Amino acid sequence: MIEFINVNKTYDNKHFALNDVNIAIERGEFVFLVGPSGAGKSTFIKLLLKEIEPSSGTIKLNDIVVNDIRRKEIPFYRRKIGMVYQDFRLIPTLNVYENVAFALRVIESAPREIRKKVPMALSLVGLSSKFKHFPNELSGGEQQRVSIARAIVNSPSIIIADEPTGNLDPETARDIMSTLEDINKSGTTILMATHAKDIVDSMKKRVVAIEKGQIMRDEERGKYGYED
């Protein structure tokens, strides 16, 4: 599903952002990516999204060698990935339905397909009744649910969640994690970068810990393991 083989990434200052990283994540796994700030988590995600290139090594997603993807092919490649961010990144002038539909419109989905898929995605995140609301009319948790609906509406094989609970209160964060867990149970692979110790420790999922660009721990039912 996801494979990093001897991956190194150095920036102009010759600092190793990732140093000889080897990891395989199988289809359907739920994996937490943890570590101190500056450890290499963001670099890991950017490499997977092909926002940056590795200095050496090989990256694969669904047997596609990411290194070999040409620039014009990147938008098509990213359709396989759903992104959920800490800051929601909703378009304020569009309502809930339109925000989710936007993800399909940019890939030129047929109107009939949009009318079918958007209500299904909103139903999965429990927002069917608020499809006409605008982002400023929603709570933070509801906005994040819209973000998740937008991420899953194109049926991606993987969701990358980058600190998705960072701006939420603990109870709302638990609700968001329950939603992500339900999506994972349907077969979608989830890779989540987080500093949320309580969430990681309570969910008992696979934990991959990065420190100074290296994988220091990879535990099947791991814990956060840091004091932030």
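Please read these numbers as outputs of a predicted model, since none were measured by experiment.
One N or O on the side chain of Asn99 and one on the backbone of Ile91 form a donor-acceptor pair closer than 3.5 Å. Between the Asp162 side chain and the Gln86 main chain, no donor and acceptor come within less than 3.5 Å of each other. No side-chain donor-acceptor contact under 3.5 Å links Thr189 to the backbone of Ile158. For Asn62 (side chain) and Ile64 (main-chain N/O), no donor-acceptor pair under 3.5 Å exists by modelled atom type. For Lys41 (side chain) and Pro36 (main-chain N/O), a donor-acceptor pair under 3.5 Å exists by modelled atom type. The closest donor-acceptor contact from the side chain of Lys50 to the backbone of Val66 lies under 3.5 Å.
The existence of a salt bridge linking Glu73 and Arg70 is confirmed by a sub-4.0 Å separation between a basic side-chain nitrogen and an acidic carboxylate oxygen. Under a 4.0 Å N-O distance rule, the pair Arg206/Glu219 does not qualify as a salt bridge.
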Verify side-chain contact (heavy atoms from CB on, under 4.5 Å) between Val65 and Thr58, making sure each step is shown before the conclusion. CA-CA 7 Å; Val65 178; Thr58 303; 4.0 Å; yes
Walk me through whether Ile183 and Ile148 qualify under side-chain contact (heavy atoms from CB on, under 4.5 Å). CA-CA 10 Å; Ile183 292 167; Ile148 293 171; 3.5 Å; yes
Test side-chain contact (heavy atoms from CB on, under 4.5 Å) applied to Ile215 and Val208, step by step: CA-CA 7 Å; Ile215 294 179; Val208 175; 4.1 Å; yes
What verdict does the side-chain contact (heavy atoms from CB on, under 4.5 Å) test give for Tyr224 and His195, after you've listed the backbone C-alpha separation in whole Å, the side-chain angles of each residue and the deciding distance to 0.1 Å? CA-CA 8 Å; Tyr224 183 73; His195 287 97; 3.2 Å; yes
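Heavy atoms only, all atoms of each residue included: Ser123 and Ser128 are closest at CA-OG, 3.3 Å. Residues Thr165 and Ala173 share a closest heavy-atom pair of CB-CB, 3.7 Å. Of all heavy-atom pairs between Glu98 and Leu94, the closest is OE1-CA, 3.4 Å. The shortest heavy-atom contact between Leu168 and Gly141 is CD2-N, 3.7 Å. Of all heavy-atom pairs between Asn184 and Gly28, the closest is ND2-O, 3.0 Å.
Linking ILVMFWY side-chain heavy atoms closer than 4.5 Å, directly or via other members, places Met192 and Ile81 in two distinct hydrophobic clusters. There is no path of hydrophobic side-chain contacts, each under 4.5 Å, that joins Val207 to Met216. Under the 4.5 Å side-chain contact rule for hydrophobic residues, Leu138 and Leu124 share a cluster. Follow the hydrophobic side-chain contacts under 4.5 Å out from Val21 and you reach Ile25 in the same cluster.
Using modelled atom types, one finds a donor on one side chain and an acceptor on the other under 3.5 Å when comparing Glu211 with Tyr226. Counted by atom type alone, Gln144 and Ser147 present one or more donor-acceptor pairs between their side chains at under 3.5 Å. Between the side chains of Ser56 and Asn8, at least one donor N or O sits under 3.5 Å from an acceptor N or O. Thr179 and Arg145 share a side-chain donor-acceptor pair at under 3.5 Å.
Remark: Phe4 engages Phe44 in a ring-ring contact (aromatic ring centres under 6.0 Å, His included) (not counting sequence neighbours).
To the nearest 0.5 Å, atom CZ of residue Arg174 and atom OG1 of residue Thr172 are 9.0 Å apart. Interatomic distance, Lys60 NZ to Leu48 CG, rounded to the nearest 0.5 Å: 14.0 Å.
Using a 4.5 Å heavy-atom threshold, the side chains of Tyr11 and Thr43 count as touching. Contact annotation: the side chain of Ser157 approaches that of Met1 to within less than 4.5 Å [non-hydrogen atoms, C-beta and beyond]. With contacts defined as side-chain heavy-atom distances shorter than 4.5 Å, the pair Lys205/Arg221 does not qualify. Between Thr188 and Ile152 there is no side-chain heavy-atom pair separated by less than 4.5 Å.
A tilted orientation is assigned to the rings of Phe30 and Phe32, their planes being inclined by 30° to 60°.
Remark: Arg89 qualifies as a cation-pi partner of Tyr85 under the 6.0 Å distance and 45° angle criteria applied to the six-membered ring.
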